[in-house]
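Input: a single structure, listed below in structure tokens.
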Amino acid sequence: MILISPWGDPRQWSDVTYIYDNVKLKSKTSLKILQQRLQPEKTLIIGLDTLAKEGSNYSELKKDAETLLEESVKEFGLGNTEILIAPGKGDFFNGTFEGNMMDYYYYTLWKLSEMLIGDNIPEEIHLDLTHGINFMPVLTYRAVKQVLGVLGIFKRDIKLRVYNADPFVPNVTGELSINMVEDSTVIPTPFKSKVKDYRIVKSESLLNKERKK
């Protein structure tokens, strides 16, 4: 089982009581209670390079953003967690990040493929969209569905469960229920694009058989 969650800036989050599976837990993140109740083998947090404050090159920039998230993971008491820094876009106090929003999707799709495609295809994928901002939730969901569609060709019983907590309103909200917004079995999604500029390739072994007749 793998738990995946896109994150915005955890420095902006406040303590709130999350409710899931009839259990309440006070935390700054919904991942805390989900980890405790689901017991995933691995948790993947997807953050943006736009969190970085400094770096003389892009590698250092990504490392700076990763360090920030690592500090939050430690502060929140999360366990067995990996961090993926994906490309973001926009103007922020720490700089301007140029690019295309779809860069996030393509990069996340690539890294998820590396993680999930292999000898040990997970039985269940849990996706928590509570902390995603802007384009992150929809593109993360799209990337996960795309990869699982391919995995479904080889393993027909993969489960996908998607969560999102109630909206948080400062000074108003005290408790947030974590809602399951999707509980489905992955449907295999084979390649279905139109083929262009194709050519017919005949089997050499078949041609040899025909010659022997």
Side-chain angles (χ1 to χ4, degrees), residues 1-8 10 13 18-21 23 25 27-49 51 62 65-66 68-88 104-133 135-165 176-190:
M1 179 195 301
I2 296 179
L3 174 59
I4 302 171
S5 182
W7 274 18
W13 302 343
Y18 287 99
I19 306 172
Y20 176 71
D21 197 23
V23 175
L25 179 67
S27 176
K28 290 184 178 180
T29 172
S30 54
L31 279 189
K32 181 71 172 180
I33 192 170
L34 287 175
Q35 277 194 341
Q36 289 187 6
R37 303 304 296 171
L38 299 175
Q39 294 293 307
E41 285 82 16
K42 180 187 298 184
T43 298
L44 175 67
I45 294 173
I46 306 174
L48 295 176
D49 53 11
L51 292 172
K62 287 180 63 178
E66 183 178 356
L68 184 151
L69 292 182
E70 288 174 344
E71 292 173 351
S72 295
V73 165
K74 184 177 180 180
E75 176 189 347
F76 301 159
L78 302 177
N80 195 20
T81 302
E82 294 185 11
I83 295 172
L84 171 65
I85 300 299
Y104 173 89
Y105 166 72
Y106 295 127
Y107 186 81
T108 301
L109 180 66
W110 168 38
K111 289 300 183 178
L112 286 176
S113 299
E114 287 186 332
M115 172 184 290
L116 300 177
I117 297 177
D119 296 331
N120 299 313
I121 298 176
E123 300 283 346
E124 297 179 11
I125 300 294
H126 295 258
L127 177 60
D128 178 26
L129 300 176
T130 298
H131 296 297
I133 60 170
F135 53 85
M136 295 182 77
V138 64
L139 293 182
T140 304
Y141 175 80
R142 179 180 171 185
V144 169
K145 290 281 283 190
Q146 191 77 31
V147 175
L148 293 186
V150 175
L151 293 180
I153 299 174
F154 307 98
K155 193 178 186 69
R156 300 293 178 128
D157 55 353
I158 304 175
K159 299 291 185 181
L160 173 63
R161 293 184 172 91
V162 184
Y163 309 86
N164 207 332
L176 300 178
S177 294
I178 298 178
N179 311 288
M180 185 181 296
V181 296
E182 180 174 337
D183 184 1
S184 61
T185 300
V186 172
I187 299 175
T189 309

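FYI, side chains are in, hydrogens and waters are out, and symmetry mates aren't considered; it's all heavy atoms of this structure.
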Open item on the list: Checking K159 against T185: is there a side-chain donor and acceptor pair closer than 3.5 Å?
Closed with: yes
- [ ] Sequence neighbours left out, what passes side chain to side chain contact (heavy atoms under 4.5 Å, CB included) with E71? Give chain and number order.
- [x] T67
- [ ] Compare all side-chain heavy atoms of N179 with those of N164 and state whether any distance is below 4.5 angstrom.
- [x] no
Open item on the list: Please enumerate all residues that pass salt bridge (charged side-chain N to carboxylate O under 4.0 Å, His left out) together with E41, with sequence neighbours excluded.
Closed with: none
When the side chains of residues 29-36 are checked against the rest of the protein, which donor-acceptor pairs come out under 3.5 Å, sequence neighbours left out?
from: T29; atom 1: OG1; to: L31; atom 2: N; distance (Å): 3.1
from: T29; atom 1: OG1; to: H131; atom 2: NE2; distance (Å): 3.1
from: S30; atom 1: OG; to: D128; atom 2: OD2; distance (Å): 2.5
from: S30; atom 1: OG; to: H131; atom 2: NE2; distance (Å): 3.4
from: K32; atom 1: NZ; to: G77; atom 2: O; distance (Å): 2.8
from: Q35; atom 1: OE1; to: G79; atom 2: N; distance (Å): 3.1
from: Q35; atom 1: NE2; to: T43; atom 2: OG1; distance (Å): 2.9
from: Q35; atom 1: NE2; to: G79; atom 2: O; distance (Å): 2.8
from: Q35; atom 1: NE2; to: T81; atom 2: OG1; distance (Å): 3.4

Task: Non-neighbouring partners of D183 that pass side chain to side chain donor-acceptor pair (under 3.5 Å), sequence neighbours left out - done: R161
Open item on the list: Please evaluate residues I125 and V144 with respect to the criterion side chain to side chain contact (heavy atoms under 4.5 Å, CB included), reporting the C-alpha separation (whole Å), side-chain torsions for both, the decisive distance (0.1 Å), and the verdict.
Closed with: CA-CA 9 Å; I125 300 294; V144 169; 4.1 Å; yes
Open item on the list: side chain to side chain contact (heavy atoms under 4.5 Å, CB included), that's the test. Do I85 and I83 meet it? Break it down for me.
Closed with: CA-CA 7 Å; I85 300 299; I83 295 172; 3.9 Å; yes
- [ ] Give a yes or no on this: more than 12 heavy atoms of other residues, nucleotides or ligands lie within 6.0 Å of atom CD1 of I133.
- [x] yes
Task: From CG (L129) to CE (M136), nearest 0.5 Å - done: 10.0 Å
- [ ] Tell me, please, which residues at least two apart from F135 pass ring-ring contact (aromatic ring centres under 6.0 Å, His included).
- [x] Y104
Open item on the list: Under a 3.5 Å distance rule, please check whether T130 uses its side chain to pair with a backbone N or O of A165 as donor and acceptor.
Closed with: yes
TODO: Apply ring-ring contact (aromatic ring centres under 6.0 Å, His included) to Y105 and list each qualifying residue two or more places apart in sequence or on a separate chain.
DONE: none
Open item on the list: Could you check whether any side-chain heavy atom of I45 comes within less than 4.5 Å of a side-chain heavy atom of V73, counting everything from C-beta outward?
Closed with: yes
TODO: Please report the shortest heavy-atom distance between L127 and P6, naming the atom on each side.
DONE: CD1-CD, 4.4 Å
TODO: Output all residues satisfying side chain to side chain contact (heavy atoms under 4.5 Å, CB included) with P10, sequence neighbours left out; order by chain, then residue number.
DONE: W7, W13, L68, L69, S72, F76
Task: Euclidean distance, L38 CG relative to L3 CG, rounded to 0.5 Å - done: 6.5 Å
Task: Minimum-distance pair of heavy atoms, taken over all atoms of T108 and A86 - done: OG1-CB, 4.0 Å
Open item on the list: Holding to side chain to side chain donor-acceptor pair (under 3.5 Å), I want the full list of residues that pass it with E75, two or more places apart in sequence or in another chain.
Closed with: K28
Task: With K62 via salt bridge (charged side-chain N to carboxylate O under 4.0 Å, His left out) - residues at least two apart - done: none
Open item on the list: Using the side chain to side chain donor-acceptor pair (under 3.5 Å) criterion, which residues pair with R37? Sequence neighbours excluded.
Closed with: D21
TODO: Would you check, one step at a time, whether the test side chain to side chain contact (heavy atoms under 4.5 Å, CB included) holds for I4 with L112?
DONE: CA-CA 10 Å; I4 302 171; L112 286 176; 3.9 Å; yes
Open item on the list: For K42, give me all partners under salt bridge (charged side-chain N to carboxylate O under 4.0 Å, His left out), at least two apart in sequence or on another chain.
Closed with: E82
- [ ] To the nearest 0.5 Å, tell me how far I19 CD1 sits from I178 CD1.
- [x] 9.0 Å
TODO: Check I158 against G152 and note the closest heavy-atom contact, atom names and distance.
DONE: CD1-N, 4.4 Å
TODO: Apply side chain to side chain donor-acceptor pair (under 3.5 Å) to S177 and list each qualifying residue two or more places apart in sequence or on a separate chain.
DONE: none
TODO: Determine the sole option in Y141, Y20, Y18 for which the ring pair (Phe, Tyr, Trp, His ring centres under 6.0 Å) test with Y163 is passed.
DONE: Y20
TODO: Taking all heavy atoms of P87 and all of D49, pick out the closest pair and write down the distance.
DONE: CA-OD2, 3.3 Å
